[in-house]
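Below: the structure, in structure tokens.
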Amino acid sequence: MGRMTHVLTALAWPYANGPRHIGHVAGFGVPADVFARYMRMRGHQVLMVSGTDEHGTPILVQADAEGLTAGEAASKYNRIIVEDLDALGLSYDLFTRTTTGNHYKTVQDLFTTLYDNGYILEKKTPGAISPSTGRTLPDRYIEGTCPHCAFTSARGDQCDNCGRQLDPTDLIDPKSRINGETPKFVEEDHFFLDLPAFADALNAWLDTRTGWRTNVVRFTKNLLEDLQPRPISRDLDWGVPIPLPGWAERPDKRLYVWFDAVIGYLSASIEWARRSGDAEAWRRWWSDPEAVSYYFMGKDNIVFHSEIWPAMLLGNNGEGTAGGEPGSLGRLELPTEVVSSEFLTMEGRQFSSSRRVVIYVRDFLERYSADALRYYICAAGPETQDSDFTWTEFMRRNNDELVAGWGNLVNRSVAMAAKNFGRIPEAGELEEIDRELLTATREAFDTVGELIGANKIRAAIGETMKTVAAANKYLADTVPWKLKEDPKRQGTVLHTVLQAVNDLKTIMSPFLPHSSQRVYELLGGEGVFAPMPRIEEVDDLDGGGAIEGTYPILTGDYSQTPKWESTPIRSGTPLEKPVPIFTKLDPSIVDEEIERLNS
RNA sequence: GGCGGUGUAGCUCAGUGGUAGAGCAAACGACUCAUAAUCGUUGUGUCGCCGGUUCGAUCCCGGCCAUCGCUACCA
């Protein structure tokens, strides 16, 4: 990817049935933002999109629990999620929602094309519905006695006691977990996506993919060995209506939430384009074979991104066994890479809102800085295997690495120069040791950049921290605080280390944009260095969706993004005694936080 | 049951067909510009167990044990 190109950065859609926890943003939010920011700095045209996923049964359940309508509950959590992602500094071009009129229309357009091309089957299927509401009752919302082990709280999909997979009709005395009533098992008419029609095309596509994480490739190959038609409609009154005569009017039939949610990548791109004033601009990321697309998600979402969404795109293009023609959206490109992370656990346990093993993004950011969280996720996140978040480790990484390593380097360099010169001193003739440091920081642009481009974020920030250590060592070796008798040499050393700091803040900026902005300002920079998203309150463009009133989107102007390259500092720039950019944490926070978890 | 991950120094993890590394913790030293922050020196490991391939395996293959996750109507 040497020359400028269009890079779609697609992030998994957070489900709007509650606030999101740090595991969610560790899985897709921060890694994708690092990637997107870096790609912009390399001069690529990045489009970073996502939104909240707002349909489906869990939203209805949450809404009922709070005495809200589904729309009200979705709007409530949409807003919370938007604010949290904004606070983290995730640089979305558009973060929207699946309840917009634009999304409904896009979903229906794609459904229609798939239908017209012959990739949607209609057939009867057994299912459970709630007699009082007429809504589909997902298997996991049915509980009863396990026929194998007599466990009385077995779920319709699986018995938590003996671990056996179940069919809800196997359960003895089945009850709805939502309201206790006995579910009605019925034959329902539903639509299915004909996945087997894409088996060959999907395998051929997968064979051309390179650079994917091995776990994703293996998992996907496995999936493709056994493709079955997958239902894409439900008996629900909350979702996108099915755009067919005799179906669109029915209040009890909707498209299945996963079907509409994955189309969000496309609808959000279209919404972004329309809001940008060039309604066709999205095609540069979707219809150009030279464009690339990276999808970021947790491992539980691989199936949708490496199997189902590509299948839907192939169907749109008429590239399955039934043939067909691209529909109203034109031909659409399949994902370049599916970048899946593993899971973050919490003090050894899986995150679980219901069991209150959880740290919400909001709570975290009330007490600690966004960059402290971003650093932890970058350095120790679940990139290729599950990783465990512990407060002890968070504190250690924050204090020993972020504060004592990078923060202290910035602070001591700027403080020394400010005290001795009051400005960035001039560099005299460079010695070997000076040139070595400057070479190391310049080379870090290449090594770190290559790692970010390959989505090896842990290694990338580790490489950056090695360069930070080299700069600290440089100060230990050159001892500028002892050079008061030789101001020329002292100025040269301080100039050199400040140059290194200046470049390091550029390299750090995809990972730690907030603090890089502050280092930029410490060194006399004005205006925006690391651009941040902003929340805008907007009207739905179309109506026809489920949104009432305005809604918040996350967007931003990232056109002033700095270049990924060494930039010379200017001698003579005034410097003041710096305020530390990071906060050292007291060990007592560990007990406090664990106490909070247990309370 | 099926699929997959993991098992390497006290801790967290990286890594390679030629008998192993980083950070932290520990000890000692240097330094004092800096949020007591930095820099240097010093250990330790039958690289889960058993077998196979190989001149040689921690890294390849098979089996086993332990542990974790996924298993599609769940978003």
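Excluded from the calculations below are hydrogen atoms, water molecules and symmetry mates; all remaining heavy atoms, backbone and side chain alike, are included.
- A straight line from CG of A:Asn301 to P of B:A72 spans 15 Å, rounded to a whole angstrom.
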- Item | Base-pair map of RNA chain B as dot-bracket, where | denotes pairing with a different strand and pairs are Watson-Crick or G-U under 3.5 Å | (((((((..((((.......)))).(((((.......))))).....(((((.......))))))))))))....
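- In this structure, A:Gln385 does not reach the B:U12 phosphate: none of its side-chain N or O atoms is under 4.0 Å from OP1 or OP2.
- Which of B:A72, B:U38, B:C13 sits closest to the side chain of A:Arg230 comes down to B:A72.
- When each of A:Val493, A:Thr492, A:Val497 is tested with A:Pro480 by the rule side-chain contact (heavy atoms from CB on, under 4.5 Å), just one qualifies, namely A:Val493.
- For the OP1/OP2 pair of B:U32 and a distance below 4.0 Å, the side-chain nitrogens and oxygens of A:Lys482 include at least one atom meeting the criterion.
- No engagement by A:Leu585 is indicated, since no non-hydrogen atom pair under 4.0 Å with the nucleic acid exists.
- When heavy atoms are screened at a 4.0 angstrom cut-off, A:Lys466 is found touching no nucleic acid atom at all.
- The side chain of A:Trp481 sits closest to B:U32 out of B:C39, B:U32, B:G5.
- Taking the P atoms as reference points, B:G43 lies 33 Å from B:G51, given to the whole Å.
- Remark: aromatic rings of A:Tyr368 and A:Phe394 are close, center separation under 6.0 Å.
- In terms of phosphate contacts, A:Arg218 brings a side-chain nitrogen or oxygen within less than 4.0 Å of OP1 or OP2 of B:G5.
- Here the two rings, on A:Tyr375 and A:Trp406, have centers that are 6.0 Å apart or farther.
- Under a cutoff of 6.0 Å and an axis angle of 45°, A:Lys299 and A:Phe343 form a cation-pi pair.
- In this structure, A:Asp235 reaches neither bases nor backbone, as no heavy-atom distance under 4.0 Å exists between it and the strands shown.
- Nearer the 5' end of RNA chain B, as judged by each residue's closest nucleotide, is the contact made by A:Leu223, out of A:Pro58 and A:Leu223.
- Here the nucleotide nearest the side chain of A:Arg458, chosen from B:U32, B:C13, B:U35, is B:C13.
- When the C1' atom is compared between B:G21 and B:A9, the two are found 10 Å apart, to the nearest whole Å.
- Rounding to whole angstrom units, CG of residue A:Leu255 and P of B:C73 are separated by 18 Å.
- Geometrically, A:Arg230 engages A:Trp258 in a cation-pi contact, judged by NZ or CZ lying under 6.0 Å from the ring centre and within 45° of the ring axis.
- In this structure, A:Glu383 atom CD and B:A14 atom C1' are separated by 12 Å, rounded to whole Å.
- The separation between A:Leu437 atom CG and B:U38 atom C1' is 15 Å, rounded to whole Å.
- Comparing B:A75, B:A34, B:G40 against the side chain of A:Lys473 picks out B:G40 as the nearest.
- Spacing of P atoms, B:U46 relative to B:C59, comes out at 15 Å, to the nearest Å.
- The OH-P distance, from A:Tyr375 to B:G23, rounds to 13 Å in whole Å.
- Rounded to whole angstrom, the span from the CD atom of A:Glu225 across to the P atom of B:C3 amounts to 10 Å.
- The environment of CD in A:Glu521 is crowded: more than 12 heavy-atom neighbours from other residues, nucleotides or ligands sit within 6.0 Å.
- For B:U35, the OP1/OP2 oxygens have a side-chain nitrogen or oxygen of A:Asn411 closer than 4.0 Å.
- For A:Glu401 and A:Val468, each mapped to the nucleotide of RNA chain B holding its nearest heavy atom, the one lying further toward the 5' end belongs to A:Glu401.
- For A:Glu393, whose side chain is taken as the heavy atoms from C-beta onward, the closest listed nucleotide among B:A25, B:C70, B:U12 is B:U12.
- Annotation: B:U54 and B:C13 have their P atoms spaced 36 Å apart (nearest Å).
- The residue A:Asn420 sits apart from the nucleic acid: no heavy atom pair falls under 4.0 Å.
- In this structure, of B:C73, B:C24, B:U35, it is B:C24 that holds the atom nearest to the side chain of A:Arg396.
- On the P atoms, B:G48 is 15 Å away from B:U16, given to the nearest whole Å.
- Donor-acceptor pairing under 3.5 Å is recorded for the side chains of A:Tyr265 and A:His305.
- Checking B:C73, B:A75, B:U35 against every side-chain atom of A:Val257, the shortest atom distance belongs to B:A75.
- A gap of 46 Å separates the C1' atoms of B:A30 and B:A66, to the nearest Å.
- Closest to the A:Val403 side chain, of the nucleotides B:C33, B:U35, B:G69, is B:U35.
- For the pair A:Arg250 and A:Trp247, the cation-pi test (distance below 6.0 Å, angle within 45°) is passed.
- With hydrogens and angles left out, the side-chain atoms of A:Arg213 and A:Asn455 include no donor and acceptor closer than 3.5 Å.
- For B:A25 and B:G10, the C1' atoms lie 8 Å apart once the distance is rounded to whole Å.
- Atoms CG (A:Leu227) and P (B:U71) sit 17 Å apart, rounded to a whole Å.
- In the displayed structure, A:Glu485 atom CD is contacted under 6.0 Å by at most 12 heavy atoms of other residues, nucleotides or ligands.
- The distance between atom CZ of A:Phe582 and atom C1' of B:A34, rounded to the nearest whole Å, is 15 Å.
- For A:Tyr256, counting side-chain heavy atoms from C-beta on, the closest listed nucleotide (B:A34, B:C3, B:A75) is B:A75.
- Taking every side-chain heavy atom of A:Asn472 into account, B:C39 is the closest of B:C33, B:U35, B:C39.
- Here the separation of B:A14 from B:U8, taken at their P atoms, is 10 Å to the nearest Å.
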